[in-house]
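Written out below as structure tokens is the structure these notes cover.
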Amino acid sequence: MFKKLKQHWKVNGLHLAFIIATFALGGSLCGYAGRKILLLLHMDKGVSWVLLYILLIVLLWPICVILISIPFGQFLFFRKYIARIWQKFSGRQKVRIAVFASGAGSNTQVIIDHFAGSPSTRVALIVCNKPGAGVLSIAAKENIPALLINKEQFLNGDHYLAALRENKIGFIVLAGFLWKVPVDLIKAYPKKIINIHPALLPKYGGAGMYGHFVHEAIIAHKEKESGISIHYVDELYDHGEIIYQAKCGVDENDTAESLAKKIHLLEHAHYAAVIEKIVMKG
Ligand code: GAR
């Protein structure tokens, strides 16, 4: 049983022991607090006492477990656990994200990992335009459906909207996707498509500015800093409202490759968290 729980919650033995201790102490605390409250209300034991006690337990349990989880260092686990329960009871649907990517997919992997086990969000589809791209292997490894798209069909009209609807996609994330997003798609997902660009927009953006071309241009212009921009997608390349930027220095001896590494580190550190914030805003 413990083995199954460890696998299910992806935790080690010590972590599991702290989780069980939190459950046990949280449960006892909430039972104790419930009885104390009923004592203060001077209620006689009877049906209404039992009903009120059950109601108090339901209401106090999350608070008690969260309180106990703090000294045990399990706050993050229980915050997620309670959010998952709340999600089930409230009937709120998970937001299903489609990641559009056509490269190695390092950002896609970080995004998948970030939302693994999330009660509210899940990467439900990978859309790719490049047969053999690394991101397709990631989709296969992670058991996420992948859609390989054709340029003409993608750019002309609403050909792929049906596939996105079928997969109940509510939000689109571009992570190394280089084609311009067609207007039909933008209209179908207003303020629900975001992109990451490996430079500090509005500089070094636009058609042809992607991946290593961006870093080469920055090195050629002897820029002292670069960074990442996360922005809403509109009809123009790298143009929509900027949501978040983070900077890094460019040293004299940096090359396009070394700069690309710094940029990837920034992307991996920030993109998933920004996606989560925007998705939560609704
Ligand atoms: C990322 O650096 C992303 O910013 C860039 O492609 C890379 C994809 O890397 N996107 C653009 O240049 C868009 N204009 P990844 O495949 O390892 O995630």
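Ligands are counted one by one from 1 in listed order, and the atoms in each one are counted from 1 as well. Nothing here was measured: the structure is a model prediction, and the numbers come from that model.
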>> Just so I know, are the side chains of His264 and Asn107 near enough to count as touching, which here means a heavy-atom distance under 4.5 Å?
In response: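 In contact.
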> Any side-chain heavy atom of Trp61 sitting closer than 4.5 Å to one from Ile85?
Replying inline: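 Result yes, sub-4.5 Å side-chain heavy-atom pair found.
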> Which one of Ala199, Gly176, Ser106 has a non-hydrogen atom at the shortest distance from atom 15 (P) of ligand 1?
Replying inline: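 That would be Ser106.
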> For ligand 1, is there an N or O atom under 3.5 Å from any N or O atom of Asn107?
Replying inline: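 By distance alone, the answer is yes.
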> How far does CD1 of Ile172 sit from CD1 of Ile194, to the nearest 0.5 angstrom?
Replying inline: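 Ile172 atom CD1 to Ile194 atom CD1 measures 11.0 Å (nearest 0.5 Å).
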> What distance separates Lys94 NZ from Arg122 CZ, expressed to the nearest 0.5 Å?
Replying inline: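 Atom-to-atom, Lys94:NZ and Arg122:CZ are 6.5 Å apart.
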Looking only at protein heavy atoms, which one is nearest to [atom], and how far off is it?
atom: atom 16 (O) of ligand 1; result: Gly105 N, 2.8 Å
atom: atom 14 (N) of ligand 1; result: His197 ND1, 3.2 Å
atom: atom 11 (C) of ligand 1; result: Pro198 CD, 3.6 Å
atom: atom 9 (O) of ligand 1; result: His264 NE2, 3.2 Å
atom: atom 3 (C) of ligand 1; result: Glu267 OE2, 3.4 Å

Atoms of ligand 1, numbered as shown, that sit under 4.0 Å from any heavy atom of [X]:
X: Ala104; value: 16 (O)
X: Met209; value: 14 (N)
X: Gly103; value: 16 (O)
X: Ile196; value: 4 (O), 10 (N), 13 (C)

>> Check for me whether Val214 has a heavy atom closer than 4.0 Å to any atom of ligand 1.
In response: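 No, Val214 has no heavy atoms under 4.0 Å from ligand 1.
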> Out of curiosity, is Gly211 lining ligand 1, as in a heavy atom under 4.0 Å away?
Replying inline: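 The answer is yes: ligand 1 sits under 4.0 Å from a heavy atom of Gly211.
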Cationic N near anionic O, under 4.0 Å, [X] to [Y]:
X: Lys262; Y: Asp254; result: yes
X: Glu235; Y: Lys180; result: no
X: Lys203; Y: Glu223; result: yes

>> Once you measure the plane-to-plane angle for His15 and Phe77, does it fall in the parallel (<30°), tilted (30-60°) or perpendicular (>60°) bin?
In response: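 Correct class here is perpendicular.
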>> In terms of relative ring orientation, are Phe177 and Phe100 parallel, tilted or perpendicular, with 30° and 60° separating the classes?
In response: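 The arrangement is perpendicular - the two ring planes meet at more than 60°.
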